[in-house]
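Working notes, structure below.
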Amino acid sequence: NGTLINRTARKTSKHGSYAKQRLIYLRPNTAALVQLKGKYRLGVYSSASLTTVREAIGKLEKAVGQHLFEVVLSRDHCRPLVGRENGNTWDTVGSPVSSGDAGHNTSKFVISWLQAKPLGVYVGHDLLPQTLLVDDDDFKVEDKEKRNLIHIPEWNGSQNDSTLIHLVS
């Protein structure tokens, strides 16, 4: 969410009961990824569930009119980020931590979607120097694999976004 798509959830009402409906929007210029096919093996590595990843890939590949991704890694392939912060109190992960001044106890709990994306264990350490991870969250990359990251800005939903065109060129 934020690299190739923007996924939102909204409540819908049917006969007085509410259900969440996920809406997936594609980042502008996703068709530019077709230019990379044949030159590179393309894959998706997401901290989302496999169901959500497959739904997003289906929508993306339907939009570009062809199969793009040879490798699909999801939340099941991630590792919890332990003891790392992204600058927000809700981004701290690990076992519950107490903070605050005397008499005030605020707990921070593990957030399941805050995951590291280890590459080496899945591509092999011999192929790691030839592997890139394009992500909008630089903190999800293992410290020893930072050189494999191309950090792009998170997509905010703007239809004027040209990030993927610049990435491909």
Side-chain angles (χ1 to χ4, degrees), residues 1-10 20 22-37 39-64 67-94 108-123 127-169:
N1 199 25
T3 302
L4 291 177
I5 66 162
N6 189 321
R7 190 185 85 198
T8 60
R10 73 174 188 195
K20 274 192 176 178
R22 283 196 307 243
L23 301 173
I24 294 176
Y25 301 98
L26 299 179
R27 190 174 200 145
N29 307 302
T30 52
L33 296 174
V34 172
Q35 297 173 46
L36 299 175
K37 191 175 176 188
K39 298 177 188 175
Y40 304 97
R41 289 182 65 210
L42 300 180
V44 169
Y45 200 160
S46 175
S47 55
S49 71
L50 184 57
T51 302
T52 299
V53 173
R54 285 183 176 156
E55 183 181 356
I57 288 173
K59 185 165 186 169
L60 195 152
E61 291 182 339
K62 183 177 181 182
V64 301
H67 177 73
L68 286 177
F69 304 106
E70 294 179 45
V71 179
V72 177
L73 301 173
S74 65
R75 179 181 299 153
D76 296 334
H77 300 91
C78 295
R79 264 200 284 256
L81 284 170
V82 179
R84 291 171 71 178
E85 290 190 40
N86 186 32
N88 301 310
T89 56
W90 58 85
D91 288 336
T92 304
V93 296
K108 303 173 188 176
F109 295 93
V110 174
I111 301 172
S112 64
W113 52 263
L114 200 57
Q115 305 281 319
K117 300 175 179 177
L119 290 170
V121 295
Y122 298 109
V123 301
L127 292 177
L128 190 58
Q130 301 167 13
T131 303
L132 296 174
L133 176 67
V134 178
D135 207 315
D136 64 316
D137 290 321
D138 61 347
F139 64 90
K140 289 185 178 179
V141 178
E142 302 268 315
D143 288 337
K144 63 185 176 208
E145 297 174 352
K146 290 279 188 195
R147 68 182 176 272
N148 299 85
L149 174 70
I150 296 178
H151 184 230
I152 64 172
E154 178 181 3
W155 179 46
N156 63 6
S158 168
Q159 292 305 305
N160 296 322
D161 184 89
S162 60
T163 301
L164 296 179
I165 291 175
H166 295 294
L167 177 69
V168 169
S169 61

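Hydrogens, waters and symmetry mates are skipped; everything else that's a heavy atom, side chains included, is used. Count residues from 1 along the sequence.
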Inset, instruction - Could you pull out the closest heavy-atom pair between S47 and C78, with the gap in Å? - result: CA-SG, 3.8 Å

Inset, instruction - Please name the pair of heavy atoms, one in I150 and one in L132, separated by the smallest distance, quoted to 0.1 Å. - result: CD1-CD1, 3.7 Å

Legend entry - E154 side-chain N/O to D136 backbone N/O, donor-acceptor pair under 3.5 Å: no

Inset, instruction - Give a yes or no on whether the backbone of P118 and the side-chain of Y45 come within a donor-acceptor separation of less than 3.5 Å. - result: yes

Inset, instruction - Measure the CG-CD distance between L26 and E61 for me, rounded to the nearest 0.5 Å. - result: 11.0 Å

Inset, instruction - Look only at the side chain of E145 and the backbone of L128, and say whether a donor-acceptor pair between them is shorter than 3.5 Å. - result: no

Inset, instruction - To the nearest 0.5 angstrom, please state how far the CG atom of D76 sits from the OG atom of S46. - result: 11.0 Å

Legend entry - Close side-chain approach of V71 and Y122, heavy atoms under 4.5 Å: no

Inset, instruction - Kindly indicate whether the side chain of R27, heavy atoms from C-beta on, has any atom under 4.5 Å from the side chain of I152. - result: yes

Legend entry - Spatial distance of atom CG (L127) from atom CG (L119) [nearest 0.5 Å]: 11.5 Å

Inset, instruction - Might you work through the side-chain contact (heavy atoms from CB on, under 4.5 Å) test for N148 and V141, ending with a clear yes or no? - result: CA-CA 9 Å; N148 299 85; V141 178; 5.9 Å; no

Legend entry - N/O donor-acceptor pair under 3.5 Å between K140 side chain and D135 backbone: no

Inset, instruction - Measure the shortest side-chain to side-chain distance between L4 and L33 over non-hydrogen atoms and say whether it is less than 4.5 angstrom. - result: yes

Inset, instruction - Please name the residue in the list R147, K117, R79 that meets the salt bridge (charged side-chain N to carboxylate O under 4.0 Å, His left out) test with E142. - result: R79

Legend entry - Residues S158 and N156: side-chain donor-acceptor under 3.5 angstrom: no

Legend entry - Under 3.5 Å: donor-acceptor pair, side chain of R75, backbone of L50: no

Inset, instruction - Indicate yes or no for a side-chain donor-acceptor contact from H166 to the backbone of V168 under 3.5 Å, with no hydrogens or angles considered. - result: no

Inset, instruction - Report the distance from atom OG1 of T52 to atom CD1 of I5, rounding to the nearest 0.5 Å. - result: 8.0 Å

Inset, instruction - Find the distance between NZ (K59) and CG (L23) and round it off to the nearest 0.5 Å. - result: 7.5 Å

Legend entry - Value rounded to 0.5 Å, distance of OG1 in T163 from CG in N29: 9.0 Å

